[in-house]
**Student:** 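Structure below; questions to follow.
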Amino acid sequence: MKSTIIAKEGNEVKFEVVFAAEEFEAAVDAVFKKNRNQFQIDGFRKGKAPRKIIERMYGAEIFYTDALNDLFDEAYPKALAELDIEPIDQPKDLQVSDIKKGEDVTVTVKVDAFPEMEIANYKGLEIEKSATVIGDAEVQAELERLAKKQARMETVERAAENGDTVIIDFVGSVDGVEFQGGTAENYELKLGSGQFIPGFEDQLVGQAAGTEVEVAVTFPEEYHAEDLAGKPAVFKTTVHEVKQEILPEIDDELASDISDFETLAEFKEDLAKKLQNDADNMDESIMKDRALEALFNANPIETPEVMIDSELNSMIQEMNQQLGMQGISVEDYMKWMGKTVEDLKNDSRDEALRRVNTRILLKNIIRMENIDVTDEELEAEVAAFGAQYGMTNEQVKEMIGPNVKYFKEDVQTKKAIEFIFAEAVKKEAEAEA
């Protein structure tokens, strides 16, 4: 097999694949052997007729189509790799040369490739600077969050207050008829958490252990169970226990319990540094997003519709996978929202366009700036992936095989973003009037 580019016009590439006569003959013979049992020829047992006899009866071209299909299916991805063509759609306008015994066979094909263009505006993009300063208030808030994780629950002999946790049994009914999913025993409910239907938790505030109360609520109009939506309901509820959250003191003892430091002062100093480092990383991430947004806005391009459609389908597939973990399909979710999947596509089109155009811009900047990846950088990317799944670099490479190129592309993309960000002009945010 030999592949050659014939012409390029815009994003369309025309190329040919030439199969040597011997290669085509071997493919024809393989098809004959695979299909010989389908032929019943007088004078021969089924499947035993020689190829020449079958071709004499049905024509020499009887096996040509299948042979060409088999050859092309294997040759097409190889030709794309050899010619460095990244297709964005299926091949089209396939043409085959006249097939003559003992001669090479040429297949000519056109395909729309990833857009290649010169990007004008990607250096010196203006973005708003983001610089978060961590102070005492932020450190104190983090200390309180950490202390809350060390909280313990203590049973109290008093009426429940907002923020307490109550242990309850309940039986729900609509028009006196119990409904599925409306019953539970020894259920832990934190009052004020908003877990239950609006109004349910409020009616348990002021109730003590051992009390029984009928909680009257109305299901929201948009409730997911259509047979309950908008209907009034009564929950016969028994309060078994009231628990209060007891927070530890924020002191040296807490610091030594949750860190490697003996004093609160040392822990606070270290915590401030870590919070500032996290804030700096977040600021940089925000500014990189702004740089990409500026890149997108500064370089309007004509986007192939097929790429937008492909991105929309990927977005919906991703959403379907996320919802599937909750046992919901995209179709059902959109029905609950009073919309269709087509509405979702229309609503998501601008985001899909932004993603596709940004990818096109970055890939062309990688080409223009000759951004490459060292072996060390590629190994580090593979190692980072393996660390997520407890795999060695060798195991990752064995699993992904030739797809290691996608790791290289990921590194190139990250380096291109770093390049754009480094070249960007960071301006201080304008003071509000």
**Student:** When the side chains of residues 164-183 are checked against the rest of the protein, which donor-acceptor pairs come out under 3.5 Å, sequence neighbours left out?
**Tutor:**
residue, atom, partner, partner atom, Å
D164, OD1, R158, NH2, 3.4
D164, OD2, R158, NH1, 2.7
D164, OD2, R158, NH2, 3.3
D164, OD2, E161, N, 2.8
D169, OD1, N186, N, 2.7
D169, OD1, H240, NE2, 3.3
D169, OD2, H240, NE2, 2.7

**Student:** Would R354 and E351 pass as an ion pair if we require N to O under 4.0 Å?
**Tutor:**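 E351 and R354: salt-bridged.
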**Student:** Mark yes or no for whether Q203, through its side chain, and A216, through its backbone, hold a donor-acceptor pair below 3.5 Å.
**Tutor:**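 Indeed, once roles are kept as given, a pair shorter than 3.5 Å links the two residues.
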**Student:** Apply the test side-chain hydrogen bond (donor to acceptor under 3.5 Å, both in side chains) to residues Q317 and N313: give CA-CA distance (whole Å), side-chain angles for both, the deciding distance (0.1 Å), then the verdict.
**Tutor:** CA-CA 6 Å; Q317 184 178 7; N313 289 333; over 6 Å; no
**Student:** Atom CD1 in I5, atom CD in E82: separation rounded to 0.5 Å?
**Tutor:**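 The CD atom of E82 is 11.0 Å from CD1 of I5, to the nearest 0.5 Å.
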**Student:** Please identify each residue that fulfils side-chain contact (heavy atoms from CB on, under 4.5 Å) with A131, with sequence neighbours left out.
**Tutor:**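 Partners of A131 by the side-chain contact (heavy atoms from CB on, under 4.5 Å) criterion come out as none, since no residue qualifies.
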**Student:** Just do the side-chain hydrogen bond (donor to acceptor under 3.5 Å, both in side chains) check on R367 and N364 with the steps written out, would you?
**Tutor:** CA-CA 5 Å; R367 173 183 56 79; N364 280 283; 3.1 Å; yes
**Student:** Please give me the minimum heavy-atom distance between P87 and L80, naming the atom from each residue.
**Tutor:**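 Minimum heavy-atom contact is CG-CD1, 3.7 Å.
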**Student:** Below 3.5 Å, can you tabulate the donor-acceptor pairs from side chains in residues 25-36 to any protein atom, sequence neighbours excluded?
**Tutor:**
residue, atom, partner, partner atom, Å
E25, OE1, R51, NH2, 3.1
E25, OE2, R51, NH1, 2.7
E25, OE2, R51, NH2, 3.2
D29, OD1, R51, NH1, 3.3
D29, OD2, K33, NZ, 3.2
N35, OD1, Q38, NE2, 3.0
N35, ND2, V31, O, 2.8
R36, NE, G47, O, 3.1

**Student:** Would E311 and R355 pass as an ion pair if we require N to O under 4.0 Å?
**Tutor:**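 Between R355 and E311 there is a salt bridge, with a charged N closer than 4.0 Å to a carboxylate O.
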**Student:** Test your reading of the model: is there a side-chain donor-acceptor pair from N11 to the backbone of D112, 3.5 Å cut-off?
**Tutor:**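 Answer holds: no.
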**Student:** How about M368: does its CE atom have over 12 heavy atoms from other parts shown lying under 6.0 Å from it?
**Tutor:**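 Yes - once you tally the heavy atoms of other residues, nucleotides and ligands closer than 6.0 Å, there are more than 12.
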**Student:** The test is side chain to side chain contact (heavy atoms under 4.5 Å, CB included); show your working for F200 and L204 and say whether it passes.
**Tutor:** CA-CA 7 Å; F200 188 101; L204 293 181; 3.7 Å; yes
**Student:** Which residues pass the side-chain contact (heavy atoms from CB on, under 4.5 Å) test with I328, not counting sequence neighbours?
**Tutor:**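 Applying side-chain contact (heavy atoms from CB on, under 4.5 Å) to I328 gives L323, Q326, D332, Y333, W336.
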**Student:** Among Y64, F72, F19, find the one that has a ring-ring contact (aromatic ring centres under 6.0 Å, His included) with F24.
**Tutor:**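 Checked Y64, F72, F19 against F24; only one passes ring-ring contact (aromatic ring centres under 6.0 Å, His included): Y64.
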**Student:** Please test K427 against E126 for salt bridge (Lys or Arg N to Asp or Glu O under 4.0 Å), starting from the C-alpha separation and ending with a verdict.
**Tutor:** CA-CA 7 Å; K427 291 193 167 186; E126 292 188 358; 3.3 Å; yes
**Student:** To the nearest 0.5 Å, how far apart are OG in S310 and CD1 in I88?
**Tutor:**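 With rounding to 0.5 Å, OG (S310) is 9.5 Å from CD1 (I88).
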**Student:** Using every non-hydrogen atom in the two residues, find where V13 and A113 come nearest and quote the distance to one decimal.
**Tutor:**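 Where V13 meets A113 most closely, the heavy atoms are CG2-CB, 3.9 Å.
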**Student:** I'd like to know if the side chain of N121 reaches the main chain of N299, judged simply by a donor and an acceptor atom lying under 3.5 Å from each other, with no hydrogens or angles considered.
**Tutor:**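 No; zero donor-acceptor contacts below 3.5 Å.
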**Student:** Surrounding NZ of K149 (heavy atoms of other residues, nucleotides or ligands, distance under 6.0 Å), is the total greater than 12?
**Tutor:**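 Atom NZ in K149 is not crowded, with 12 or fewer foreign heavy atoms closer than 6.0 Å.
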**Student:** Do N69 side-chain atoms and D66 backbone N/O form a donor-acceptor pair below 3.5 Å?
**Tutor:**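 Not confirmed, N69 side chain does not pair with D66 backbone.
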**Student:** Please determine whether a side-chain nitrogen of the Lys or Arg among E266 and K268 lies less than 4.0 Å from a carboxylate oxygen of the Asp or Glu.
**Tutor:**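 Between K268 and E266 there is no salt bridge, as every charged N stays at least 4.0 Å from the carboxylate O atoms.
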**Student:** Salt bridge or not for E245 and R152, using N-O below 4.0 Å?
**Tutor:**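 Between R152 and E245 there is no salt bridge, as every charged N stays at least 4.0 Å from the carboxylate O atoms.
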**Student:** Are there more than 12 heavy atoms of other residues, nucleotides or ligands under 6.0 Å from atom NZ of K415?
**Tutor:**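 Correct, the count exceeds 12.
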**Student:** Would you please test K92 and E12 for salt bridge (Lys or Arg N to Asp or Glu O under 4.0 Å) and show each step?
**Tutor:** CA-CA 10 Å; K92 57 187 178 181; E12 186 180 80; 3.2 Å; yes
**Student:** Within the side chain of E201, is there an N or O that forms a donor-acceptor pair under 3.5 Å with the backbone of G194?
**Tutor:**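 Looks like yes, one N/O pair under 3.5 Å.
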**Student:** Work out which heavy atom in D283 is nearest to a heavy atom in T132; give both atom names and the distance.
**Tutor:**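 What the structure gives for the nearest pair is OD2-N, 2.6 Å.
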**Student:** Can you confirm whether E9 is buried at CD, in the sense that more than 12 heavy atoms of other residues, nucleotides or ligands lie under 6.0 Å from that atom?
**Tutor:**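 Result for CD/E9: open.
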**Student:** Can you tell me which residue pairs pass the side-chain hydrogen bond (donor to acceptor under 3.5 Å, both in side chains) test with a partner in residues 396-411, sequence neighbours excluded?
**Tutor:**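 Of all non-adjacent pairs touching residues 396-411, those that pass side-chain hydrogen bond (donor to acceptor under 3.5 Å, both in side chains) are E379-K397.
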**Student:** Around atom CG of N37, are there more than 12 heavy atoms of other residues, nucleotides or ligands at under 6.0 Å?
**Tutor:**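 Atom CG in N37 is packed in, count exceeds 12.
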**Student:** For a salt bridge (Lys or Arg N to Asp or Glu O under 4.0 Å) check, start with the C-alpha distance between E293 and R290, then their side-chain angles and the critical distance, and finish with the verdict.
**Tutor:** CA-CA 5 Å; E293 188 69 22; R290 289 173 182 167; over 6 Å; no
**Student:** Check this for me: E74, atom CD, are more than 12 non-hydrogen atoms of other residues, nucleotides or ligands nearer than 6.0 Å?
**Tutor:**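 Open: at most 12 neighbouring heavy atoms sit under 6.0 Å from CD of E74.
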**Student:** Output, in order, the C-alpha distance, side-chain angles, deciding distance and verdict of side chain to side chain contact (heavy atoms under 4.5 Å, CB included) for E249 and L254.
**Tutor:** CA-CA 7 Å; E249 291 292 330; L254 175 66; over 6 Å; no
**Student:** Salt bridge or not between K414 and E418? Use side-chain N to carboxylate O under 4.0 Å.
**Tutor:**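 Here K414 does not pair with E418 in a salt bridge, since their nearest N and O are not under 4.0 Å apart.
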**Student:** Is any side-chain N of the basic residue among E116 and K8 closer than 4.0 Å to the acidic one's carboxylate O?
**Tutor:**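 Looking at E116 and K8, the cut-off is not met.
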**Student:** Passes side-chain hydrogen bond (donor to acceptor under 3.5 Å, both in side chains), Y122 versus E369? Steps please.
**Tutor:** CA-CA 11 Å; Y122 64 95; E369 293 292 336; 2.6 Å; yes
**Student:** Count the heavy atoms belonging to other residues, nucleotides or ligands that lie under 6.0 Å from CG of D347, then report whether that count exceeds 12.
**Tutor:**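 Check passes, neighbour count above 12.
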**Student:** Would you say that more than 12 heavy atoms from the other residues, nucleotides or ligands in this model lie under 6.0 Å from the CE of M153, or not?
**Tutor:**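 Above 12, so yes.
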**Student:** Sorted by first residue and then second, give each side-chain hydrogen bond (donor to acceptor under 3.5 Å, both in side chains) pair with at least one member in residues 226-239; sequence neighbours left out.
**Tutor:**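 Matches after skipping sequence neighbours: none remain.
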**Student:** Mind listing the closest non-hydrogen atom pair of G390 and Q395 along with its distance?
**Tutor:**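 Taking every non-hydrogen atom into account, O-OE1, 4.3 Å.
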**Student:** Do the side chains of L271 and E142 get nearer than 4.5 Å, heavy atoms only?
**Tutor:**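 Side-chain contact under 4.5 Å: yes.
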**Student:** Between A291 and I420, what is the shortest heavy-atom contact and its length?
**Tutor:**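 Of all heavy-atom pairs spanning A291 and I420, the closest is CB-CG2, 4.2 Å.
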**Student:** Provide the closest heavy-atom pair for V356 versus M307 in the form atom of the first, atom of the second, distance.
**Tutor:**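 Smallest interatomic distance, heavy atoms only, reads CG2-O, 3.6 Å.
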**Student:** Hey, are E128 and K426 close enough for a salt bridge, meaning a charged N less than 4.0 Å from a carboxylate O?
**Tutor:**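 So E128 does not pair with K426 through a salt bridge.
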**Student:** Charged N to carboxylate O below 4.0 Å: is that the case for E305 and R349?
**Tutor:**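 Salt bridge between E305 and R349, a charged N being under 4.0 Å from a carboxylate O: yes.
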**Student:** Does M1 offer a backbone N or O that forms a donor-acceptor pair with the side chain of E23 under 3.5 Å?
**Tutor:**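 Judged by distance alone, yes, a pair lies under 3.5 Å.
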**Student:** Go through T155 and E241 one step at a time and tell me if the side-chain hydrogen bond (donor to acceptor under 3.5 Å, both in side chains) criterion holds.
**Tutor:** CA-CA 7 Å; T155 301; E241 192 176 356; 2.4 Å; yes
